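The structure displayed is predicted, hence computed values, not measured ones.
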Amino acid sequence: SASRLVGHTCVSEKFRQSQCRQVRMIPLHKALRTDAWRGRRAFVVGSGPSIKGLDLKAILRDELTIGCNEEYLIEPKIAFCQDVRFFFGDGSPMRVPAKDNPAWHSSPCPWVLPVFFRGHPDRPDPPYDDHGRIYEIKAATRPSSEHGGVEFVWGKSLEEGIYYGANCGLAALNLADVLGASPVYLLGFDCGSRGGRTHHHDRYPQEWAMDPSTENVVWRMWADDFRKIAPSVRAKVVNVCPWSGIDCFEKAEGFTAGGA
């Protein structure tokens with residue numbers, strides 16, 4: 001039978017599927033309410049090289065944060081992922097237990113809330129090889145005569161869903177916007193490389209690396225998608241990377257700890 005590599009252990013497809021059935025996929029709106037973060041600032045953290053060397057786990061300890069992909073390591077309030085590759089192996093953000101309390105947003109939460117963004121409606125359930133729960137949010141769509149009959153739109157509520165676009169950061173920003181946060185600070189949203197680095201860390205396997213010959217095309221695609229959705233964002237957005245290729249939001253070199 002087919003097999004997959006989960007962490008360092010090769011397991012059968014049959015075993016993987018049996019474990020997958022034990023996962024509780026809970027709609028995110030069952031745990032959070034739309035506008036739960038209204039009137040508070042929030043941080044959406046990507047993995048760009050501009051945040052290399054920063055201890056964001058300490059800096060953002062008391063902040064409302066959404067960590068994209070590998071940034072679950074900073075222990076954000078929400079560990080956000082739309083790439084099923086992150087569900088394999090030890091250290092996956094989806095292994096982090098969530099606080100089983102629908103009112104967790106009423107005070108600072110010491111537990112990470114793991115959220116899987118299904119994105120495209122045809123995206124399969126993530127391969128999950130442990131017992132636990134994952135909170136899920138879908139893509140916001142509307143009928144279209146193009147794009148295969150559906151168009152992805154900027155979501156206005158958790159029930160409606162969030163935007164599915166060029167990268168995970170767009171969806172995470174929509175989530176912060178739906179939660180009512182403002183301002184929203186973008187950290188590690190560089191949309192460019194520095195010193196040959198496309199990420200601040202080296203934890204991704206080599207086969208995930210961007211192709212240097214085409215990375216500028218990818219950066220432009222991402223920047224164009226941010227530019228497309230910018231008019232729909234309710235929140236004030238500040239990109240804390242002065243040289244970021246994302247040019248549709250205010251830019252800053254930093255922020256004041258504990259500020260508004």
Side-chain angles (χ1 to χ4, degrees), residues 28-29 32-69 71-72 74-80 82 104-109 112-113 115 117 137 140 153-158 160-163 165-192 200 222-260:
L28 183 58
H29 64 81
L32 274 177
R33 67 173 185 268
T34 297
D35 287 338
W37 293 358
R38 177 169 291 283
R40 304 177 65 183
R41 74 176 184 176
F43 295 79
V44 182
V45 184
S47 298
S50 65
I51 62 173
K52 183 174 175 56
L54 296 180
D55 185 2
L56 293 183
K57 182 177 178 179
I59 295 170
L60 302 178
R61 181 180 60 240
D62 299 321
E63 302 285 354
L64 296 174
T65 52
I66 300 174
C68 299
N69 297 330
E71 302 315 309
Y72 75 93
I74 67 170
E75 297 184 7
K77 296 300 183 287
I78 295 176
F80 185 83
Q82 74 178 44
W104 72 272
H105 52 262
S106 63
S107 62
C109 177
V112 175
L113 191 76
V115 175
F117 176 43
I137 189 167
V153 298
W154 195 252
K156 298 296 192 299
S157 71
L158 294 176
E160 179 187 13
I162 53 179
Y163 183 73
N167 70 11
C168 178
L170 281 157
L173 174 57
N174 194 176
L175 179 55
D177 199 35
V178 164
L179 291 174
S182 187
V184 176
Y185 292 90
L186 305 179
L187 297 174
F189 278 61
D190 302 348
C191 207
H200 71 91
W222 289 2
D224 287 347
D225 216 359
F226 275 96
R227 205 172 294 120
K228 172 185 173 182
I229 58 85
S232 300
V233 183
R234 297 181 301 170
K236 174 184 178 181
V237 180
V238 180
N239 190 346
V240 190
C241 177
W243 53 266
S244 173
I246 301 170
D247 58 7
C248 52
F249 302 122
E250 176 185 337
K251 291 183 180 180
E253 294 190 8
F255 58 90
T256 303

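- A heavy-atom distance below 4.5 Å is found between the side chains of V153 and E160.
- The CZ atom of F189 sits 9.5 Å away from atom CD1 of I51, with the distance rounded to the nearest 0.5 Å.
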Is there a side chain to side chain contact (heavy atoms under 4.5 Å, CB included) between V45 and E63 once you walk through the steps?
CA-CA 12 Å; V45 184; E63 302 285 354; over 6 Å; no

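- With rounding to the nearest 0.5 angstrom, the CD1 atom of I66 is 12.0 Å from the CZ atom of F43.
- When all heavy atoms of E71 and P76 are compared, the closest pair comes out as O-CD, 3.6 Å.
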Derivation of the side chain to side chain contact (heavy atoms under 4.5 Å, CB included) call for L179 and R40:
CA-CA 10 Å; L179 291 174; R40 304 177 65 183; over 6 Å; no

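- Side chains of V44 and C68 form a contact here, defined as non-hydrogen atoms less than 4.5 Å apart.
- Minimum interatomic distance between G155 and V178 (heavy atoms only, all atoms of both residues): O-CG2, 3.4 Å.
- Applying the side chain to side chain donor-acceptor pair (under 3.5 Å) rule to K57 yields the partners E75; only residues at least two apart in sequence or on another chain are considered.
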One pair to check against side chain to side chain contact (heavy atoms under 4.5 Å, CB included): T65 and L187. What are the steps and the verdict?
CA-CA 10 Å; T65 52; L187 297 174; over 6 Å; no

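- Atom NZ in K77 sits 7.0 Å away from atom CG in D62 (nearest 0.5 Å).
- Applying the side chain to side chain contact (heavy atoms under 4.5 Å, CB included) criterion to A171, with sequence neighbours excluded, gives F80, Q82, F117, I162.
- When the side chain to side chain donor-acceptor pair (under 3.5 Å) test is applied to D190, the partners found at least two apart in sequence or on another chain are S50.
- Residues forming a side chain to side chain contact (heavy atoms under 4.5 Å, CB included) with A235 (at least two apart in sequence, or on another chain): D177, S182, V184, V233.
- The side chain to side chain contact (heavy atoms under 4.5 Å, CB included) check on S232 picks up W154, with sequence neighbours excluded.
- Around atom CZ of R61, no more than 12 heavy atoms belonging to other residues, nucleotides or ligands sit under 6.0 Å away.
- Every residue two or more places apart in sequence or in another chain that forms a salt bridge (charged side-chain N to carboxylate O under 4.0 Å, His left out) with K236 is listed here: E250.
- When side chains are defined from C-beta on, I78 counts as touching L32, because their heavy atoms get closer than 4.5 Å.
- K156 pairs by the salt bridge (charged side-chain N to carboxylate O under 4.0 Å, His left out) definition with nothing, not counting sequence neighbours.
- In terms of heavy atoms, A42 sits closest to A181 at CB-CB, 3.5 Å.
- Identified under the ring pair (Phe, Tyr, Trp, His ring centres under 6.0 Å) test for residues 229-249, with sequence neighbours left out: none.
- Here D225 pairs with Y163, A166, L170, K228 under the side chain to side chain contact (heavy atoms under 4.5 Å, CB included) rule; sequence neighbours left out.
- By the salt bridge (charged side-chain N to carboxylate O under 4.0 Å, His left out) test, R227 is found to be paired with D224, D247, residues two or more places apart in sequence or in another chain being considered.
- Contact of the L158 side chain with the L175 side chain is registered, since non-hydrogen atoms from C-beta on lie closer than 4.5 Å.
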